Amino acid sequence: MAGTVSHPASANAPWQTHTVFNQAPPLVGLDVFSSNLPLVEAVTREGAEWVSDRAAALGRTIGGAPQQEWGRLANENRPQLRTHDRYGNRIDEVEFHPAWHQLMALGVENELHSLPWTSDEPTAHTARAALYMTAMQAEAGFCCPITMTFAVVPALRAQPELAAEWEGLVTATSYDPRSVPAAEKGSAIAGMAMTEKQGGSDVRANTTVAVPLNGGGAGAEYELVGHKWFCSAPMSDIFLVLAQTDDGLSCFLLPRILPDGSRNAFHIQRLKDKLGNHSNASSEIELHGAWARMVGEPGRGVPTIIEMVGHTRLDCVIGAAAGMRAAVVNATHHAAHRSAFGKTLIDQPLMRNVLADLCLESEASTALAMRLARAYDEAHADADAGEDSSDAQLFKRLATAVGKYWACKRAPNHAFEALECHGGAGYVEESGMPRLYREAPLASIWEGSGNVMSLDVLRALTRSPRSLEVFLAEVEQAHGANAHLDGAVRRLKDRFSDPATLETRARRVVEEMALCLQGSLLVRSTPAAVSDAFCAARLGGEGGLEYGTLPAGSDFGAIIARSRPRV
Ligand SMILES: Cc1cc2nc3c(=O)[nH]c(=O)nc-3n(C[C@H](O)[C@H](O)[C@H](O)COP(=O)(O)OP(=O)(O)OC[C@H]3O[C@@H](n4cnc5c(N)ncnc54)[C@H](O)[C@@H]3O)c2cc1C
């Protein structure tokens, strides 16, 4: 251990035992956006350079109090449910630490929930993705209601009079947590309640019942009775809820506070005691004749709410990339300042392999998320032009499912490996790494768990076989530039030749689709050091199952240098 001791205790007075050395300096004052070179490049590449200054300003803000304090405080002081007041009246209120509200205000004021719906810029989704990826590095929990508020808009548009009433409120840039009618506040936060005890993936099993009050139909008033097993952000102003009608499963807009200021019959039973995501309340609720209005046609609940679900899945991909970025920042910073066995960790050959592998995964996820965000810009533009199966729309549909599966699956082990780079200190709460680790599996479960996303890829391919051609055309833009990638694409094409076993093999096929897409994006846009190592390890069979198994000839220094933040 001689090499680690730069200030031996004997140099101090004998009672002086608390000399701190060989520790990384606090990572403060970081511009979380500008120091993220893979993201900065992706913003330009995908056509949203106009947001760079704004993202840098947000990056500086996030690197300050939000990252250092608010995220910690909002997680350490978990939300508390108050079901009743002292007199026994139901109040169904969740109390949050002030840091939660600071984070929410930051998210709303920076238009993370609204930019694509209010901006005239053709790349507003791409720009928002950069802002969201930057902000989520402060803390992940508040991004759940921010995402749902963002994602509710396209679903609301299925019912124009409801969109006219609510779109301005959910895209407002002020945050007001009071339990008063949204119209009085001038803003609204949105949630969703689909999952029930007996089924979350298979929402057709929902038992919540909606009874019409005045004849029923699209836009009409109903009373809802039932339970929901997961309802996150239960202090939201409105929820999209699925419930059964005589015509089948339908979608409803349910306000928590009624227009007259009274509370809707939306009763919170308890809050979930979750693995992570502690800042955010997730609840079980019961609807005891709650007032709601139908969104979309009767019996078309799933196609209506799927517009919301699709946009939340996009955010799962962006969020997974954000978590990986935070992991890389922490791991490389620590390793750059910690010595063991005579060398700084970042200079130890085996640690360089681990760090470079983590950087590669993070960079590949960032590239994927940003390309996907651009697909949303293009697909929405095509929809505005009256198209419903353009190349961009097909790519968006398929790549969302592929990306959600893969980025979210890669996140937990990535967080764990970055935690391990810190040694024992990474296992201790105040390092922030346990919070990152606990958060990591959530995006994979929420809004379509791993198997469900794999099956969704097959569904997209069945519904529109041309989507595979579009997907492969995107991947093959890199054709001829990397032999490992070319070989992997050839193998991928063969994977579809035996439809009888495709469902059983779905995970493997989706994994290969994701890796080919990531490989293609990296080959086309990053230095050879990055794309060569990625393709060799992930596509060419030269890497192992764990991180830190890149081929020995990889340019570790160049890979790490692109991702390591400098403060
Ligand atoms: C922290 C948190 C917050 C949440 N917030 C909300 C919320 O706000 N609103 C909301 O509506 N829901 C919410 N959910 C619920 C979440 O969306 C569901 O848990 C998820 O959709 C899975 O549903 P389930 O739990 O019923 O599992 P199940 O549907 O029972 O699935 C169990 C497992 O079976 C797999 N599976 C399912 N079908 C198949 C199949 N055909 N073939 C192979 N495998 C299959 C799934 O992939 C999964 O791994 C939240 C969940 C969590 C953890």
Side-chain angles (χ1 to χ4, degrees), residues 75 78-79 94 140-152 155 189-208 224 226-243 249 251-252 254 256 266 268-287 301-302 304-306 308-313 315-316 319 323 401 404-406 408-409 411-412 435 438-459 462 501-510:
N75 277 273
R78 296 200 206 179
V94 181
F142 83 102
C143 290
C144 167
I146 292 290
T147 282
M148 293 194 288
T149 308
F150 156 68
V152 79
I189 296 294
M192 67 201 304
M194 300 186 292
T195 307
E196 298 189 357
K197 294 184 189 70
Q198 70 283 356
S201 309
D202 186 4
V203 290
R204 294 167 308 174
N206 273 197
T207 60
T208 297
L224 269 55
H227 69 95
K228 292 288 171 183
W229 182 232
F230 273 97
C231 177
S232 290
M235 286 297 96
S236 298
D237 298 282
I238 54 169
F239 302 87
L240 288 197
V241 181
L242 290 180
L249 196 64
C251 181
F252 295 89
L254 187 150
R256 190 169 59 83
F266 171 97
I268 305 174
Q269 300 300 102
R270 60 173 173 162
L271 299 187
K272 299 286 196 188
D273 186 6
K274 298 176 287 186
L275 168 67
N277 195 250
H278 289 158
S279 64
N280 180 26
S282 297
S283 66
E284 296 167 22
I285 60 163
E286 295 216 341
L287 305 172
V302 172
T304 304
I305 210 165
I306 208 76
M308 182 173 185
V309 171
H311 287 78
T312 61
R313 287 175 179 169
D315 276 11
C316 289
K404 160 83 161 73
Y405 173 79
W406 187 242
C408 296
K409 274 278 171 261
R435 174 149 61 92
R438 284 193 301 266
E439 190 70 35
L442 175 53
S444 187
I445 297 169
W446 191 51
E447 297 292 5
S449 311
N451 288 352
V452 172
M453 293 320 302
S454 302
L455 297 175
D456 194 50
V457 170
L458 302 189
R459 191 175 305 115
T462 306
T501 61
L502 202 48
E503 182 168 338
T504 310
R505 294 184 291 112
R507 278 191 179 220
R508 183 75 194 273
V509 174
V510 176

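What you are looking at is a predicted structure, and each value in this text was computed from that prediction instead of being measured. Numbering of ligands and ligand atoms starts at 1, following listing order.
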Applied to residues 442-455, the salt bridge (Lys or Arg N to Asp or Glu O under 4.0 Å) test, sequence neighbours excluded, yields none
Between Glu196 and Thr207, a side-chain donor and acceptor under 3.5 Å | yes
Go through Phe239 and Phe266 one step at a time and tell me if the ring pair (Phe, Tyr, Trp, His ring centres under 6.0 Å) criterion holds.
-> CA-CA 10 Å; Phe239 302 87; Phe266 171 97; 4.7 Å; yes
Does the cation-pi check pass for Lys272 over Trp229, that is, NZ or CZ under 6.0 Å from the six-membered ring centre and within 45° of its axis?
-> yes
Does ligand 1 have any N/O atom under 3.5 Å from a protein N/O, and what are those pairs and their distances?
from: ligand 1; atom 1: 5 (N); to: Ser232; atom 2: OG; distance (Å): 2.8
from: ligand 1; atom 1: 5 (N); to: Trp446; atom 2: NE1; distance (Å): 3.4
from: ligand 1; atom 1: 8 (O); to: Met192; atom 2: O; distance (Å): 3.4
from: ligand 1; atom 1: 8 (O); to: Ser232; atom 2: N; distance (Å): 2.8
from: ligand 1; atom 1: 9 (N); to: Met192; atom 2: O; distance (Å): 3.0
from: ligand 1; atom 1: 9 (N); to: Phe230; atom 2: O; distance (Å): 3.2
from: ligand 1; atom 1: 11 (O); to: Met194; atom 2: N; distance (Å): 2.8
from: ligand 1; atom 1: 11 (O); to: Thr195; atom 2: N; distance (Å): 2.9
from: ligand 1; atom 1: 11 (O); to: Thr195; atom 2: OG1; distance (Å): 3.1
from: ligand 1; atom 1: 12 (N); to: Thr195; atom 2: OG1; distance (Å): 2.7
from: ligand 1; atom 1: 23 (O); to: Ser201; atom 2: N; distance (Å): 3.3
from: ligand 1; atom 1: 26 (O); to: Gly200; atom 2: N; distance (Å): 2.7
from: ligand 1; atom 1: 29 (O); to: Ser201; atom 2: N; distance (Å): 3.0
from: ligand 1; atom 1: 29 (O); to: Ser201; atom 2: OG; distance (Å): 2.6
from: ligand 1; atom 1: 44 (N); to: Asn451; atom 2: ND2; distance (Å): 3.0

Taking C-beta and beyond as the side chain, do Glu286 and Lys228 meet within less than 4.5 Å on heavy atoms?
-> no
So, do Val302 and Leu249 sit near enough that their side-chain heavy atoms are less than 4.5 Å apart?
-> yes
